Amino acid sequence: MKLASFIQSRRLHLTTLTRNRRLAVKFEDSKKFSNPVNALQEQLRVPVLRPGEKLFVPTQEKMREAETLFVPRTRHKIDMVGSTVSVDGAPKNNLPEVAVIGQSNVGKSSLIRTLLSKIPDIDTSDFVRVSSTPGHTKTANFFQVGRKFTMVDMPGYGRNQPRHFVETVEGYLKNRQNLRMTIFLVSGEVGVTKDDMIAIRMMEEIGRPYTLVMTKIDKTNMLGRIQSLVQVKELRDKFTSSCCFHQPFLISSKTGEGIGLLQCYIVYVTGNIELGDAGTSTGAANRKQVGS
Ligand SMILES: Nc1nc2c(ncn2[C@@H]2O[C@H](COP(=O)(O)OP(=O)(O)OP(=O)(O)O)[C@@H](O)[C@H]2O)c(=O)[nH]1
């Protein structure tokens, strides 16, 4: 082999290694497997998580077990398998699905990218597109995780909302048999908006299980987090019914805070992990309680 081509091949090898190392995002375990609500709970006179209520509190061991599903292996591939504006164009399979909805730019695609960020040799940014321009996601995008479940990234409402929003999002939420849970994202930075309130009414009318998740918590300090959490609590108490799981989740797609807990929740609601008594704070685990 000539020297020039040898150097070229080593360069390529090094570039690939550096790239892979960069791509396999490693969040601190203390952040990833924490529940950020707990730190705020102590500051609140009226607790968001009331003692005695059945809560989703898996052990760290269970969270680690759930996390392994988000890492691809030979017989457990993770990939984008479809993209559609109409529910008729959704992938034809029986896998349980978890959809992510929220206003434009709230961080839906970022959340899915972060959930899948442990993929060591695929640049998730190649197939989960994130953009600072609101309204970037125009179609429902399906990311299949092995033969276990599928995550669905939805177009956002509000700024630059696509004209086919109702057909795509409402059509999917009302009609898709595979849907087990919808993650309703609100911004911890901005708080609950008027558009969020309209979307909550839509969710209540549709009447299928959903869970409130506050994202971008890295962008706010303790006081800001408390204010947003209180808003989410009021939203839950005044405007939602039993189809909204009573325990809100707090996350950051940037720092990984709360991501391990949410991964475990997704794996749980799609029926891919047994938690037994370890899964709830009050004893017997009740899957109905978390909406599936
Ligand atoms: N600091 C911080 N930034 C975030 C977080 N999540 C998303 N972002 C940023 O917010 C912007 C929008 O993120 P996207 O994931 O594209 O938002 P989206 O909800 O999919 O947006 P649409 O396609 O408009 O519906 C990007 O610049 C992200 O980097 C987060 O948890 N923390």
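Every number for a ligand or one of its atoms is a count from 1 in the order of the listing. Just so you know, these numbers use all the heavy atoms, side chains as well, and skip hydrogens, waters and symmetry mates. The structure presented is a predicted model; accordingly, all values stated were derived computationally and were not measured.
- Between the side chains of Y172 and E97, at least one donor N or O sits under 3.5 Å from an acceptor N or O.
- Side-chain contact, T270 with N272: a donor N or O sits under 3.5 Å from an acceptor N or O.
- Ligand 1 has an N or O atom lying under 3.5 Å from an N or O atom of S253, backbone or side chain.
- Atom CZ of R163 is surrounded by 12 or fewer heavy atoms from other residues, nucleotides or ligands within 6.0 Å.
- Under 4.0 angstrom from ligand 1, the non-hydrogen atoms of N105 come from both its backbone and its side chain.
- Every atom of ligand 1 with a heavy atom of G156 under 4.0 Å away is listed here by number and element: 25 (O).
- F149 has its ring centre less than 6.0 Å from the ring centre of F70.
- The pair D29-R64 counts as a salt bridge, with a side-chain nitrogen and a carboxylate oxygen less than 4.0 angstrom apart.
- Using a distance-only test at 3.5 Å, with no hydrogens or angles considered, no donor-acceptor pair links the side chain of R236 to the main chain of P248.
- Centroid-to-centroid, the aromatic rings of F56 and F245 stay 6.0 Å apart or farther.
- The N/O atoms of V106, backbone and side chain alike, include one that comes under 3.5 Å of an N/O atom in ligand 1.
- Annotation for ligand 1: atoms under 4.0 Å from non-hydrogen atoms of S252 are 31 (O).
- Considering backbone and side-chain atoms together, S104 places no N or O closer than 3.5 Å to any N or O of ligand 1.
- Near K108, meaning under 4.0 Å from one of its heavy atoms, ligand 1 places the atoms 15 (O), 17 (O), 18 (P), 19 (O), 20 (O), 21 (O), 22 (P), 25 (O).
- For ligand 1, none of its N or O atoms has an N or O atom of M154 under 3.5 Å away.
- At a heavy-atom cutoff of 4.0 Å, ligand 1 is contacted by the side chain of D218 but not by its backbone.
- Side-chain N or O atoms of E257 include none that pairs as donor or acceptor with a backbone N or O of D218 at under 3.5 Å.
- Judged by the shortest distance from any of its heavy atoms, G102 lies outside the 4.0 Å radius around the atoms of ligand 1.
- Here K219 has side-chain heavy atoms under 4.0 Å from ligand 1, and that is the only part of it that gets that close.
- Numbered from 1 in the order shown, with element, the atoms of ligand 1 that lie under 4.0 Å from a heavy atom of T215 read 31 (O).
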